[in-house]
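Report on the following structure.
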There are 2 protein chains.
Amino acid sequence: MKFIHTADWHLGKLVHGVYMTEDQRYFLERFIEVVEEEKPDAVVIAGDLYDRSVPPTEAVELLNEVLFKINVELNTPIVAIGGNHDSAERLSFGSSWYKKSHFYLEGKLQSDFQPVTINGVNFYLVPFAEPGMVRHLFDDSSIHSHDDAMKRVVGEIEKNINHDEPNVLIGHAFVLGGKTSDSERTLSVGGSGCVHADVFSPFSYTALGHLHSPDAIKHDTVRYSGSLLKYSFSEAKQNKSISIIEMKENGEFELRTRSIQPKKDMREIEGHLEELLDPSFYEKENIEDYFKINLLDEGALIDPINKLRQVFPNVLHLERKISITDMKKKSSFTSIKDGKKSELDLFQQFYEEMTTSPFTEERKAAIADVIEKVRKEEALK
Amino acid sequence: MKFIHTADWHLGKLVHGVYMTEDQRYFLERFIEVVEEEKPDAVVIAGDLYDRSVPPTEAVELLNEVLFKINVELNTPIVAIGGNHDSAERLSFGSSWYKKSHFYLEGKLQSDFQPVTINGVNFYLVPFAEPGMVRHLFDDSSIHSHDDAMKRVVGEIEKNINHDEPNVLIGHAFVLGGKTSDSERTLSVGGSGCVHADVFSPFSYTALGHLHSPDAIKHDTVRYSGSLLKYSFSEAKQNKSISIIEMKENGEFELRTRSIQPKKDMREIEGHLEELLDPSFYEKENIEDYFKINLLDEGALIDPINKLRQVFPNVLHLERKISITDMKKKSSFTSIKDGKKSELDLFQQFYEEMTTSPFTEERKAAIADVIEKVRKEEALK
């Protein structure tokens, strides 16, 4: 029995002000090709299908199209759960109808854990739930942490589990040992947000979502598939992949991964402005990628972001590497007491040295206003 | 062939700050009983299933439950379209799967008008669309008004229509001759928002949604079912009903209506405070109803809203019938020049005579602040 394990699609994600929907569409079209080639018995999506409870309509249309192609056109069962970014109720709408097409979607945690059995493998669907919700669901006041909650859920599943069959848990949680990145909305690090990997010992395989790196935990049977794409620069060095699991009747499995080339990679580069703008450098680069650029230049630069964007159109973030000690040494500020420069001029100089965006007339007016107010207050003292 | 025509459910509607979801649930449970009794071949919902593009999750869960009961448990086909209050894209999610269970949901206008045929009757689904969207869909720059748009849509349908069969159009539009109420988000009255009823002449019956009264137009074959419930006090006197159509093979039909008693009616009553609070009056009333109360008392009343709510817990709106001429005659205001009362005291007196809500400390502080500012400005002149 073969299934694909994926998670954290985050459709409708906004990264540094840019909607990823078109990148996600491109990637998912390739993903559908992989499904077509691999002909798995099921596609597992372990939560965070959307990036937020009310995703943009483009994301809603994209998810609808992709799932329809996989499930109906390619006749592939889908087993999916809600993650912490999904709205349990909104995602659940219609799931009773989907079942008839072997599309099993559990947006909201239920107290009844009937597995979905596909070609001899039992899938237990455990959508993300806050401990309070699990406490309420089982009327069990001893549940305080995510670990307590998952233990209780697994306990419920174990009441009817058949250990002679291969059992897979699909969950969305922060499992201990995981590395976090900026784009995971960490519940709490090391505290009540964590679930111990041991909790999943009754299962042949645990297909997790939540952490975005496929290497987030080192464990034989408990695994994150990782997110669809890189969703923050802290993920820039991760190798995103799709996990393909072939499971035997005794629950033993082989795992391999496949990589899909995204439309645009997300990368961090550094250098001096002149070097980066030199054709000998950028001609070797995929200039359409999403970049975070760390500029090594010291002192003032005129409009570096726009110069960079003429070469790298998708610069999402620019950082200047100016250390405080450098600032002190090389400061070109004139003392206010010299009276040679107005506060406004000084601020403008400071702003332009420290940031990468122009000191517009609007910003000038805002600061002039502040300076004026401070002056008045001083005068009243 | 028998079908039920309904529209304008507006799930998740907020009326005067009160969510109608529980009233809608109660009503729809009765509606399901009617479906069970009538055993129609189809249930038609002509738009505005939700009250807004992103309805509260309780409304999402309610719609899911109700449609599942009708469609799957009672094995009744459903034909539904999106209205101007629905989000075309969000409502459409999953509709490709629903079709397999004979639940036909068209959230967004498509250029392809294949009818849904149920027991010999062809249903043409025309979800609400702005003229600009129809102009774009058919790349037809001559479309400016809703009437132009509907004419074009009907023209498209006519290309393949079989006039020897009974044809029903399901639409959501403001058809000329309609009466409006406060809770219909009128597109524009009498102008480009209107569609002429003549446009629908090719159809045996046109099942409309948008206007909330079943009597909104007088026409033999073009009809509004009216909304599920009364959604504003301007609808207080309307008789809400469910339309049941029995259609012959030649397109002739018989129409009858059934009424469902809502959990709470929406009504307007008037009288003097003392009369309304008298047991001899209110003992005959269904005091749990939603009330708009017009008080006939003149002059100051102490906290009338709370007194009324002790008897009528669901007063949504209170109005005082004080005419300007009465005010002049009976005014108890003292001239400011007398210097006997402060501006604040005078305002408080005025506020309490004119409104029905208490002049709280917060309000007092806000007005005191205004008075202070005006005084300062005067002093500077």
Side-chain angles (χ1 to χ4, degrees), chain A residues 9 11-12 19 21 25 45 49-80 82 85-110 127 129-130 133, chain B residues 9 11-12 19 21 25 45 49-80 82 85-110 127 129-130 133:
Chain A
W9 290 14
L11 301 190
Y19 274 108
T21 319
R25 177 178 290 280
I45 316 169
L49 284 77
Y50 291 126
D51 191 56
R52 30 185 162 136
S53 60
V54 180
T57 55
E58 291 76 13
V60 174
E61 290 183 303
L62 176 59
L63 186 67
N64 187 53
E65 275 176 56
V66 170
L67 297 183
F68 188 75
K69 276 183 191 159
I70 295 172
N71 179 236
V72 179
E73 295 183 10
L74 299 179
N75 201 19
T76 310
I78 296 175
V79 197
H85 282 250
D86 299 304
S87 156
E89 294 82 9
R90 294 183 202 284
L91 193 66
S92 295
F93 189 98
S95 52
S96 311
W97 282 273
Y98 306 148
K99 272 180 201 160
K100 296 187 176 194
S101 303
H102 302 287
F103 167 20
Y104 305 93
L105 174 62
E106 199 88 36
K108 196 173 182 173
L109 190 73
Q110 308 291 334
E130 292 290 347
M133 196 258 176
Chain B
W9 289 15
L11 300 191
Y19 275 108
T21 319
R25 178 177 289 280
I45 316 170
L49 282 77
Y50 291 125
D51 191 56
R52 29 186 163 137
S53 60
V54 180
T57 55
E58 290 77 13
V60 174
E61 291 185 300
L62 177 58
L63 186 66
N64 187 53
E65 275 175 56
V66 170
L67 297 183
F68 188 75
K69 275 184 193 160
I70 295 172
N71 179 236
V72 179
E73 294 182 11
L74 299 179
N75 201 18
T76 310
I78 297 174
V79 197
H85 283 250
D86 299 305
S87 156
E89 294 81 9
R90 293 182 204 283
L91 193 65
S92 294
F93 189 97
S95 51
S96 311
W97 282 274
Y98 305 149
K99 272 180 199 160
K100 297 187 174 193
S101 302
H102 302 286
F103 166 20
Y104 305 94
L105 174 62
E106 199 88 35
K108 195 171 181 173
L109 191 72
Q110 307 292 332
E130 292 290 348
M133 196 257 176

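Just so we're clear, the structure is a prediction, and the values are computed from it rather than from any experiment. In what follows, chains carry the letters A, B, and so on, assigned in the order in which the sequence lines appear, proteins first and then strands, with residues in each chain numbered from 1.
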What are the two closest heavy atoms between [X] and [Y], and how far apart are they?
X       : Y       : answer
B:Pro55 : A:Arg90 : O-NH1, 2.7 Å
A:Trp97 : B:Phe68 : CH2-N, 3.4 Å
B:Gly94 : A:Tyr98 : CA-OH, 3.5 Å

When only pairs under 4.5 Å are counted, which of B:Ser96, B:Ala88, B:Ser53 shares the most heavy-atom pairs with chain A?
B:Ser96
Count the heavy-atom pairs under 4.5 Å between each of B:Lys108, B:Glu61, B:Glu89 and chain A, then report the option with the highest count.
B:Glu89
Counting only non-hydrogen atoms closer than 4.5 Å, does A:Val72 touch chain B with its backbone (N, CA, C, O), its side chain (CB onward), both, or neither?
side chain
What part of A:Ser87 gets closer than 4.5 Å to chain B, counting heavy atoms only: side chain, backbone, both or neither?
side chain
Under the criterion side chain to side chain contact (heavy atoms under 4.5 Å, CB included), I'd like the reasoning laid out for B:Thr57 against A:Phe93: C-alpha separation, chi angles, the key distance, then a yes or no.
CA-CA 10 Å; B:Thr57 55; A:Phe93 189 98; over 6 Å; no
